[in-house]
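Residue numbers start from 1 in every chain, and the chains themselves are labelled A, B, ... in the order their sequence lines are given, proteins ahead of strands. Both backbone and side-chain heavy atoms feed into the values below; hydrogens, waters and symmetry mates do not.
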Amino acid sequence: MNTEVVDDAPVVLSARRISKSFSGVQVLFSVDFELRQGEIHALMGENGAGKSTLVKILSGFEQPTSGEILLDGKSVKLPPNGAAEALGIVIIHQEFNLAEHLTVTESLFLGREVTRFGVLDRKFMRAETRRVLDLLGSHVDENAVIGSLSIAEKQMVEIAKAISRDARVVFMDEPTAVLSREETNFLFRLVRKLRDKGTSFVFVSHKLDEVMELTDRVTVLRDGQWIKTAPTSVLDGEAIAQLMVGRELSSLYPAKSEPDVDEEVVLRVASVSTGYVRDASFEVRRGEILGFSGMIGSGRTELMEAIVGLRSRLAGEVLVRGQPVPSGDVHAINKAGLAYMTKDRKAKGLLLNTGMMANLTLQSLGRHSRIGYLDPGSEEAALVKARRRFDIRVRDDKIVAGRMSGGNQQKLLLAKVMETDPGIIIIDEPTRGIDVGTKQQIYHFISALARDGRSIIVVSSEMPEIIGLCSRVVVMREGHIAGILEGDEISEQEIMRYAAGLKRKTAA
Amino acid sequence: MSVNQEGSQEAIRRRNWRDIDLRAVAPFVALALLLLVGALVNPNFISINNLANVATRSAFIAIIAVGATFVISSGDLDLSVGAMVAFIASLMILFMNSGVIADPVLMLLAAILFTVVAGALCGLTNGLITTAGKIEPFIATLGTMGIYRGLTTWLSQGGAITLKEPQLQEIYRPAYFGTIFGVPVPIIVILSVTAVAAFILYRTRYGRHVVAVGSNRDVARYSGIFVNRVRTVAFVIQGLCVAAAVLLYVPRLGSTSATTGILWELQAITAVVVGGTALKGGAGRVWGTICGAFILELVGNIMLLSNFISEYLIGAIQGAIIIIAMLVQRSLVRKS
Ligand SMILES: Nc1ncnc2c1ncn2[C@@H]1O[C@H](COP(=O)(O)OP(=O)(O)OP(=O)(O)O)[C@@H](O)[C@H]1O
Ligand SMILES: [Mg+2]
């Protein structure tokens, strides 16, 4: 961190008394914000605090209801829909903005295609794309179609796209939420290099450790209001968390409770193979929280999808409470009391154009209907309950899911899956894009479920989460289970050793 | 979020009336405007008699379009409906002409049942080709459109198929020309079909699934919905609606030919879109759809009654309507 360097650097972009309302509902209240040249500025706050909205306003994707934006000290009206790029302002959206049918190269050069004598210079564009991706340490193929990429890869493309534009100001809205530690490191290295050349960054993230590590200054928003701006070096994680939440936070993780050894085995996965995953076996007992760790692309999600029937199995068996379940039949598996929460809430989890209620009950309509006839009253009651239970905060009850803040979407998705009242729950990335306060709530919630006799599988790329929550941890590597850790073995180093292939053990 | 409690209370009150979805209201506003224009053009236009006539004539398209609302809401498209009308109507008449059942009343009941089954099967065929065969609905139903139309031409040997039995004709006639409490039967059929459809779409589990499948198939699949089953059933519902339209069509003329129902698929799709259903799926408006069908028929009627536009331009005007409807929808979306 080099806070001294930027202390007297000129201000590039600033917001003065910015307010914003969406159809009459105010979400930003007279916010001030200042970005200096060559600094990395963290923007923090709870889910729905207004971070994404502020970032969109400062990059022209939304217009403020009142207040002014200054670029190099001069008041400007930023052009909409990404045209601010011409002024050197780019944004990496929290929501992906890539056209599914284009290739990686085409996406990177969309709208600024390079031509030679009027003909597209594909070779040059491909080489350039490769160069940027290599800088980011990404192995994504420059000719791959966006639709075929995983979320992490899409995020990398989105980052590459922004960074390849030689911008003066780069907004990054939770860029690392879906990245592994290594990918994050590559990104940070590049960001620092560009910062030293004078580019300014705004970094929105819920990961306190990353903010401490990367940024020079921090601005905290709460409920749409500016709370504080300070050099990162004078704050610590605890202090930031308190500023965000406005109260003191007790311990993040609940006390671990291990199930008895003779508890019933509720889920047994025996030698399951899919295209990529080979010969995976493990079991889960009643009341257990089992963690799944591993690098991105190690096959965790594929294995989980095969277990719950979203993907067919090539070999192997899945037994729920001793009963084998058919391959590739989600419905039968839901019936058996096994539910899966996807990590891709935008593309696979929520109907973005639909309101909260229809989303909440989509998977459990059977509970709200008699002979197929829906009872709106009962759905309404479920929504009221779920909003309380999961602390889903919206300022406008009729809002469609796609317009909710990222973290609140995540809570809605969790609520939706829990509506089916499953005995075994597989949660893929439970706290993606969720603020610390809510994280704590979700961890306590998971722990309460386990104490209640349910079993939870937590798939997560966030090591502290796995370590803080789980009594056993399965580590996957390149499509197979590299090891299963228990008790004192569960530590960051040990997990990394298995995940990186330095160590392996076949049976636990 | 307690900071601005009063602020948002106020906002909620203000929103209540903004909440009215412009897209849902637009077709009804258009209908009201048309009625006004019609009344100005010709005072006879607004008479109950004329309006009942228009509504009766819109019955075929309206009923077919109600089925199309399901298919389109689930993200598919059915181009074969016009040909299907011709095909099923031919089958129905041939069945009645075959004389397998002597008693005319029983024969009629059997023919109705036969038609309903035939409609369901035609829909099922479309559904299975698109879902199990994994063929784009546009192509799949373009294919079956050719097949149904071709089969009709073959059955009729290029000519017409006519209901022979006069006694049957006599008892069947009221199904189109009759009235109940003074209301023409076709209007009652439109309203009941729409009411049932609205119930299914808005109030049942299946309806929710249709909309979910139409707005995002992956989300639906991850929510344990049998996506292909939902899509196939939507095609079957479309087939049943076509059958219902046929049941009204046959008593009207008592005959069909290879040109029956030509371009009806376009009119049905127009009615759906004018009614406010998004062509890309994910939202269905059944009442809007029949409003759309009524608008199409009204425009034709106004042109007939007025003297300044040639009625030969009806096709062109209807084509323009679908484009205008799309433009209006687009602009309403941007505002909200
Ligand atoms: N287009 C929109 N229409 C209506 N309301 C909106 C819209 N965009 C955002 N909001 C509302 O504005 C508030 C702030 O949302 P924003 O996305 O800025 O939060 P955030 O701080 O980025 O949260 P998160 O950490 O969850 O991503 C939320 O209450 C959200 O529902
Ligand atoms: Mg956000």
For this session: May I ask you to name which of A:Thr354, A:Leu350, A:Asn353 has the most heavy-atom pairs under 4.5 Å with chain B?
Result: A:Leu350
Exercise. Between A:Ser369, A:Ala347, A:Ala339, A:Ala358, which residue shows the highest count of heavy-atom pairs closer than 4.5 Å to chain B?
Worked result: A:Ala347
Between [X] and [Y], which heavy-atom pair has the shortest distance, and what is it?
X: B:Glu136; Y: B:Thr130; value: C-CG2, 4.0 Å
X: A:Gly48; Y: A:Ser405; value: N-OG, 3.1 Å
X: A:Ser19; Y: A:Ser30; value: OG-N, 2.9 Å
X: B:Val242; Y: B:Ile88; value: CG1-CD1, 4.0 Å
X: B:Ala212; Y: A:Leu362; value: CB-CD1, 3.7 Å

Problem set entry | Which portion of B:Ile225 sits near chain A, non-hydrogen atoms under 4.5 angstrom | side chain
I'd like to know if [X] pairs up with [Y] as an ion pair, taking the criterion as any Lys NZ or Arg NE/NH1/NH2 lying under 4.0 Å from an Asp or Glu carboxylate oxygen.
X: A:Lys348; Y: A:Asp428; answer: no
X: A:Glu379; Y: B:Arg208; answer: yes
X: B:Arg205; Y: A:Asp375; answer: no

Exercise. With a 4.5 angstrom heavy-atom cut-off, which part of A:Thr361 approaches chain B: side chain, backbone, both or neither?
Worked result: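 The side chain, not the backbone.
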Exercise. A:Lys335 versus chain B, heavy atoms under 4.5 Å apart: side chain, backbone, both or neither?
Worked result: neither
Problem set entry | Pick from B:Ser223, B:Ser215, B:Gly207 with the largest number of heavy-atom pairs that fall under 4.5 Å of chain A |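 Of the options given, most contacts go to B:Ser223.
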Exercise. Is the centre of the B:Phe235 ring less than 6.0 Å from the centre of the B:Phe70 ring?
Worked result: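 Aromatic pair excluded; centres sit 6.0 Å or further apart.
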Problem set entry | Residues in residues 304-311 of chain A that sit under 4.5 Å from chain B, counting heavy atoms only |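 Residues A:Glu305, A:Leu310 are the ones that qualify, each having a heavy atom under 4.5 Å from chain B.
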